[in-house]
Protein chains: 2
Amino acid sequence: MSSIRELARRCGVSVATVSRVFNTPEVVSQRTRQHVLDMAAEIGYLPNESARTLATKKSNMVGLVWDTDHRRPGWRHPFLQDILVALKSALSAQGLHLLMLAPDQSAGLDPGQRFVRAVQRHNVDGVVVIDNGSRDPAVLALADAGVPCVALDLRFTGPRCTYITSDNHGGGRLAAAHLIERGHRRIATITGPLPAWPAVRRLAGFRAALAEAGVPLADTDIESGDWYLDSGHAAMNRLLARDPRPTAVFAAGDEMAVGAMRAIHEAGLRIPDDIAIIGFDDIEVAALIPPGLTTIAQDKTGIGTGAAEAMVAMLLGTAPPPGPTTLPTTLVTRGST
Amino acid sequence: MSSIRELARRCGVSVATVSRVFNTPEVVSQRTRQHVLDMAAEIGYLPNESARTLATKKSNMVGLVWDTDHRRPGWRHPFLQDILVALKSALSAQGLHLLMLAPDQSAGLDPGQRFVRAVQRHNVDGVVVIDNGSRDPAVLALADAGVPCVALDLRFTGPRCTYITSDNHGGGRLAAAHLIERGHRRIATITGPLPAWPAVRRLAGFRAALAEAGVPLADTDIESGDWYLDSGHAAMNRLLARDPRPTAVFAAGDEMAVGAMRAIHEAGLRIPDDIAIIGFDDIEVAALIPPGLTTIAQDKTGIGTGAAEAMVAMLLGTAPPPGPTTLPTTLVTRGST
DNA sequence: CTGAAAGCGCTTACAG
DNA sequence: CTGAAAGCGCTTACAG
């Protein structure tokens with residue numbers, strides 16, 4: 001890699017001028033600019049980002065904080081991959097790179113500062129937070145430290161923070177409306193872990209639509225899971241023990257819905273004839289598992305792209321951070337209802 | 001963030017000494033070292049990585065090249081997530097961060113150099129390549145440029161390159177042995193795209209075991225797909241048209257196997273009674289889809305961890321790069337055979 | 001429109 | 001064991 005000095009020498013100009021060609025081209029004369037550009041292409045010059053970062057305090061790197069829930073190492077958000085792809089592409093288009101942050105492990109460091117330090121150390125410009133709702137103090141500390149943050153499906157507030165989320169409440173309403181339209185009146189639900197915001201909102205929307213339609217939802221019709229398959233299986237078994245049994249179930253996450261379907265089959269019941277089931281997320285399995293899982297789809301690509309846009313807006317950062325964004329959810333009808 | 005100068009001043013030593021405390025602690029006196037360390041913790045000092053990178057040419061960042069196949073934007077390697085988690089953890093443990101590389105988009109840049117330039121620009125120490133077998137020239141150029149590379153399931157060679165892969169050949173053998181043991185003699189296969197190395201090796205292993213057992217595999221018993229579901233569906237339909245029909249099929253990837261199962265069901269046939277099917281990969285769906293897909297499992301965590309280890313070995317880089325690593329594959333029996 | 005110079009925060013021979 | 005100094009490759013007021 002040739003340096004800026006080398007390029008300047010070859011062009012017979014100062015390094016300052018070369019620098020301007022790449023940073024504020026409008027202030028340098030057309031002739032000089034073109035000459036420098038041509039020569040740069042010829043000798044393969046590219047500014048060294050470390051040097052640039054050192055001088056400007058901006059790295060063009062966005063940090064990704066993910067999988068911080070130690071109770072669930074390797075947590076698999078079913079969408080992570082779709083979101084990542086969209087996020088990465090949108091960020092790339094702006095010349096931003098994505099750095100997967102490892103918490104700083106320096107001895108003697110306050111654990112709550114692990115991410116803040118990693119961010120400072122690497123001069124990361126901003127951080128995208130994909131979190132299980134664990135409220136990890138090390139993550140929350142990012143907001144307090146004034147790091148620009150965009151959180152996914154997590155209410156994350158601070159002077160330079162915003163978040164992006166699916167319309168969980170609206171999705172819950174859609175689920176209820178669909179079951180009602182199918183003629184169900186004896187309806188139960190399996191929620192996510194209730195402190196988690198998406199779980200709370202999905203339940204609230206579901207409940208609101210039911211109430212409006214005059215369909216009851218007793219507390220005994222509500223079971224909770226932890227988003228994962230086994231918890232859906234267990235919750236469904238509890239619901240199956242009710243008398244009378246529900247004729248339809250809204251599982252607030254597809255993984256749990258799949259677990260519930262298994263429980264229903266094990267009980268020798270048929271879907272949707274004996275029990276109808278609707279999920280939330282629209283993960284790949286939903287379309288593959290017979291008879292097909294009806295579900296409320298989230299716009300995964302939109303989430304990734306939206307997060308990137310919000311981040312770019314904050315980084316260009318004239319104005320205050322963009323407000324929270326809510327993306328629409330949609331009903332996808334398959335065989336399970 | 002306080003700088004090294006500030007810390008040196010407070011400790012009454014030179015910046016050189018502070019630097020040594022963090023880089024070659026053994027050469028500084030116990031007293032001084034402790035004093036500097038204490039004061040560093042007190043004022044929250046952490047070396048600035050950009051400055052360090054500029055001075056040393058090492059960034060402690062490993063690049064990740066992924067999803068470079070433009071024919072398949074957002075390519076979903078079914079394991080990517082598991083591999084990523086393992087890779088990231090293992091790298092983190094060594095204090096290495098993972099930078100998701102965006103190809104350099106500078107105007108006038110040779111497209112084949114996009115990744116090399118991104119690597120040079122950011123002083124990335126090494127690169128992990130997760131590729132669809134697309135043989136993207138921009139990826140291959142990394143090897144030529146002398147960038148330390150570890151590739152996954154891709155034969156990637158060069159002075160500072162190595163790769164890690166599942167025992168595809170052995171897995172193919174396992175699949176054949178299993179079907180033979182189940183009594184099948186009329187066996188067909190759906191391969192991956194044949195230029196792709198894993199596809200070639202799985203077929204070779206499968207064929208070898210069949211030959212040893214004296215079970216025929218005519219060319220007409222071989223269909224190919226592109227790893228994805230729809231291609232498995234189409235290939236299975238072609239196999240169903242054969243007379244006599246195969247009684248068992250080895251689909252060299254689970255996604256294709258799932259597509260094949262759908263085709264079998266659509267034809268009104270039963271699994272495994274009319275046709276048995278075995279896949280390869282052991283993705284999540286395999287366990288969820290009735291009657292459960294028998295498959296050859298890859299060690300996803302092992303792949304991620306192995307890649308990290310190989311990378312660390314190369315970066316510490318005394319010796320030549322470690323040789324290619326092959327990880328065992330295992331048979332997972334479910335209802336489909 | 002352009003150049004000389006200081007500065008970003010570190011590391012590392014070179015001396016002592 | 002420690003310090004003074006040069007250097008890593010850039011950017012950006014400050015002058016002109």
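Model, not experiment: these values are computed from the prediction.
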Requested in this report: May I ask you to check whether Trp197(A) and Phe156(A) place their ring centers less than 6.0 Å from one another?
Outcome: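 Aromatic pair excluded; centres sit 6.0 Å or further apart.
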
Query raised in the report: Between Leu327(B) and Asp299(B), which heavy-atom pair has the shortest distance, and what is it?
Result: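 Residues Leu327(B) and Asp299(B), closest heavy atoms: CD1-O, 4.1 Å.
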
Send over the distance from [X] [atom1] to [N] [atom2], rounded to a whole Å.
X	N	atom1	atom2	result
Glu6(A)	dC10(D)	CD	P	11 Å
Asn123(A)	dC10(C)	CG	C1'	12 Å
Ile4(B)	dG9(C)	CD1	C1'	7 Å
Leu54(A)	dA6(C)	CG	P	17 Å
Arg121(B)	dG9(D)	CZ	P	15 Å
Arg9(A)	dT2(C)	CZ	P	19 Å
Glu49(A)	dC10(D)	CD	P	10 Å
Asn60(B)	dC10(C)	CG	C1'	13 Å

Requested in this report: For Val18(A), report the nucleic acid contact type (base, sugar-phosphate, nothing); a contact means any heavy atom under 4.0 Å.
Outcome: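 Here Val18(A) touches no strand at all.
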
Query raised in the report: When the nearest nucleotide of DNA chain C is assigned to Ser29(A) and to Ala51(A) on a heavy-atom basis, which residue is associated with the more 5' position?
Result: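 On the 5' side of the pair lies Ser29(A).
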
Name the closest nucleotide to the [X] side chain, picking from [options].
X	options	result
Ala55(A)	dC10(D), dG9(C), dT2(C)	dC10(D)
Val13(B)	dG9(D), dT2(C), dG3(D)	dG3(D)
Arg20(B)	dA4(C), dC14(C), dG9(D)	dC14(C)
Val27(A)	dC10(D), dT2(C), dA4(C)	dT2(C)

Report yes if a side-chain nitrogen or oxygen of [X] is closer than 4.0 Å to either non-bridging phosphate oxygen (OP1 or OP2) of [N]; otherwise report no.
X	N	answer
Thr17(B)	dG3(D)	yes
Ser14(A)	dG3(C)	yes
Asn23(B)	dT11(C)	yes
Ser19(A)	dT11(D)	yes
Thr32(A)	dT2(C)	yes
Lys57(A)	dG9(C)	yes

Requested in this report: Could you check Arg52(A) against Val15(B) and say which one's nearest nucleotide on DNA chain D is further toward the 5' end?
Outcome: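 Its nucleotide being nearer the 5' end, the pick is Val15(B).
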
Query raised in the report: Is a donor-acceptor contact shorter than 3.5 angstrom present between the side chain of Arg5(B) and the base of dG7(C)?
Result: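 Side chain to base: no pair below 3.5 Å.
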
Requested in this report: Could you tell me the separation between the CZ atom of Arg160(A) and the CG atom of Leu315(A), rounded to the nearest 0.5 Å?
Outcome: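 It comes to 7.5 Å.
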
Query raised in the report: Rounded to the nearest 0.5 Å, how far apart are CG of Leu7(A) and CD of Glu42(A)?
Result: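 Going from CG on Leu7(A) over to CD on Glu42(A), the span is 10.0 Å.
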
Query raised in the report: In whole Å, what separates the C1' atom of dT12(D) from that of dG16(D)?
Result: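 About 16 Å, rounded to a whole number of Å.
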
Query raised in the report: In whole Å, what separates the P atom of dT2(C) from that of dA6(C)?
Result: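 These two P atoms come out 23 Å apart once rounded.
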
Query raised in the report: Do Asn123(B) and Ser50(A) have a side chain donor and acceptor closer than 3.5 Å?
Result: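 Ser50(A) and Asn123(B) do have a side-chain donor-acceptor pair below 3.5 Å.
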
Requested in this report: Please determine, by modelled atom types, if Ser92(B) and Ser89(B) share a side-chain donor-acceptor pair under 3.5 angstrom.
Outcome: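 Checked: Ser92(B)/Ser89(B) side chains show no N/O donor-acceptor pair below 3.5 Å.
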
Requested in this report: Using both distances under 3.5 Å as the test, list the Watson-Crick or G-U wobble partner of dC14(C), or none.
Outcome: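 Partner of dC14(C): dG3(D).
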
